[in-house]
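Note on naming: letters A, B, ... go to the chains in the order of the sequence lines (proteins, then strands), and numbering restarts at 1 for each one. Computed from a predicted model, the values in this text were never measured in an experiment.
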There are 2 protein chains.
Amino acid sequence: MFTIGKASEQSGVNIETIRYYERMGIVPKPGRSAGGRRLYSSNEIAKLRFVRRCRDLGFPISIIQTFLSLTEQDDRSCGEVKTLAENHLDEINAKIENLTRLREALLSLSSNCDEGTAACPMLDSLMQDGFGEDRAGQSGH
Amino acid sequence: MFTIGKASEQSGVNIETIRYYERMGIVPKPGRSAGGRRLYSSNEIAKLRFVRRCRDLGFPISIIQTFLSLTEQDDRSCGEVKTLAENHLDEINAKIENLTRLREALLSLSSNCDEGTAACPMLDSLMQDGFGEDRAGQSGH
DNA sequence: GCTTGCTCCTGTAGCCACTACAGGAACTAA
DNA sequence: TTAGTTCCTGTAGTGGCTACAGGAGCAAGC
């Protein structure tokens, strides 16, 4: 059994974040030592590592909780996982597209923008009335 | 002069968000009608629209505040703007790269994952001990 | 004049996923 | 014993909003 510091090292999850996950019920409450300190089994540490890896892949906590409950009831969970992963992939692709469009917009805006000019054409464009209302939508941030 | 509803329509900024911007000191406090309602000039609405466009471009509020103060003192602000825009572009590029790597990782993980399999190889990989610790870094989320 | 329905007001709490701190208790090593 | 480290709980802050409660103002129709 390991203290929270070791669990943090081995899982790559910040100590404060581990306690946060516990408070939120994302991972089960670990046992305690006589002095009241958390003690983690290697199984519990594996769970923490799992959560971190999923977070690194960009999954939200709510999805990760589904994953965790699927790993518990280990029969034919793969279909649901695949669906969730594919939805997440779609979101990632959408974000990449958005950012790419953003990059283009920003590039073309700042390209006219040279040092020493009196009035900045980029700020000017952004302050103008009917500029770029078609492309710069309310698409999710 | 326009009420907050009209200002919201014309600027594309949510009413609640306009009040939030005012509270935070991002835009100046507008005048009030006899009944205590906010009244916006078209100049103030232009500022709101400017903030929204910058937000659409992904700039954080802190940078937008710098932009706004640069538009006030309209002499040779372009150099600073360009630098901020370029830094922001770097961040966007980094995000795109990160997401692209994420997409690859997720694709290769879920590719082995077929419907009906008993134990999901994706969840398995993520739960294993020494998997992918080199590439899945703590890079900023 | 009165009602209906819309817009607006303030203030506060919630969202996500943490992160940071204060003030104290419990271990460990010399 | 003492010093230093790790841990504990509880609370508040981050960014950028969004949502709601409970009330007030205002315009149009009867």
B:Val51 and B:Leu68: CA distance, side-chain angles, deciding distance, side-chain contact (heavy atoms from CB on, under 4.5 Å) verdict | CA-CA 8 Å; B:Val51 173; B:Leu68 279 170; 4.0 Å; yes

To the nearest 0.5 Å, atom CG of B:Leu109 lies from atom CG of A:Leu57 at 6.0 Å

At a 4.0 Å cut-off to heavy atoms of chain A, the contacted part of DNA chain C spans C:dA17 to C:dC27

- Taking only N and O in the side chain of B:Asn14, is any of them less than 4.0 Å away from OP1 or OP2 of D:dC17? no

- Query: Quick one: is D:dC17 close enough that its OP1 or OP2 comes under 4.0 Å of any side-chain N or O from B:Tyr21?
  - Reply: yes

Students should find that the end-to-end axis angle of the helix from C:dG1-D:dC30 to C:dA30-D:dT1, with five pairs defining each axis and rounding to 10 degrees, is 20°

Hits for side chain to side chain donor-acceptor pair (under 3.5 Å) against A:Lys47, two or more places apart or cross-chain, chain-then-number order -> A:Glu72

Contacts of [X] that satisfy side chain to side chain contact (heavy atoms under 4.5 Å, CB included) - sequence neighbours left out:
X: A:Ser41; answer: A:Met1, A:Asn43, A:Glu44
X: A:Glu9; answer: A:Lys6
X: B:Arg103; answer: A:Leu89, A:Ile92, A:Asn93, A:Ile96, B:Thr100, B:Leu107

B:Glu91 CD to D:dG15 P, in whole Å, measures 14 Å

In whole angstroms, the gap separating P of D:dC17 from CD1 of B:Ile18 amounts to 12 Å

Taking distance alone, no hydrogens or angles, what donor-acceptor pairs closer than 3.5 Å link side-chain atoms of residues 17-30 of chain A to residues at least two apart or in another chain?
| from | atom 1 | to | atom 2 | distance (Å) |
| --- | --- | --- | --- | --- |
| A:Glu22 | OE1 | A:Arg38 | NE | 2.6 |

Comparing B:Ser62 with B:Glu16, nearest DNA chain D nucleotide closer to 5' gives the residue B:Ser62

Sub-4.5 Å side-chain heavy-atom contact between A:Ser33 and A:Leu39: yes

So the salt bridge (Lys or Arg N to Asp or Glu O under 4.0 Å) pairs with at least one residue in residues 84-94 of chain A (sequence neighbours excluded) are none

On DNA chain C, more 5' by nearest nucleotide between B:Gly5 and A:Val51 is B:Gly5

When we call it a touch if two heavy atoms are under 4.0 Å apart, what does A:Phe59 touch: a base, just sugar-phosphate, or nothing? nothing

Ordered by number, residues from residues 24-48 of chain B within less than 4.0 Å of DNA chain D (heavy atoms) are B:Gly35, B:Arg37

Q. When you measure from the side chain of B:Arg52 to the backbone N and O of B:Ser11, does any donor-acceptor pair fall under 3.5 Å?
A. yes

Quick note, ring-ring contact (aromatic ring centres under 6.0 Å, His included) partners involving residues 39-69 of chain B, not counting sequence neighbours, are B:Phe59-B:Phe67, B:Phe59-B:His88

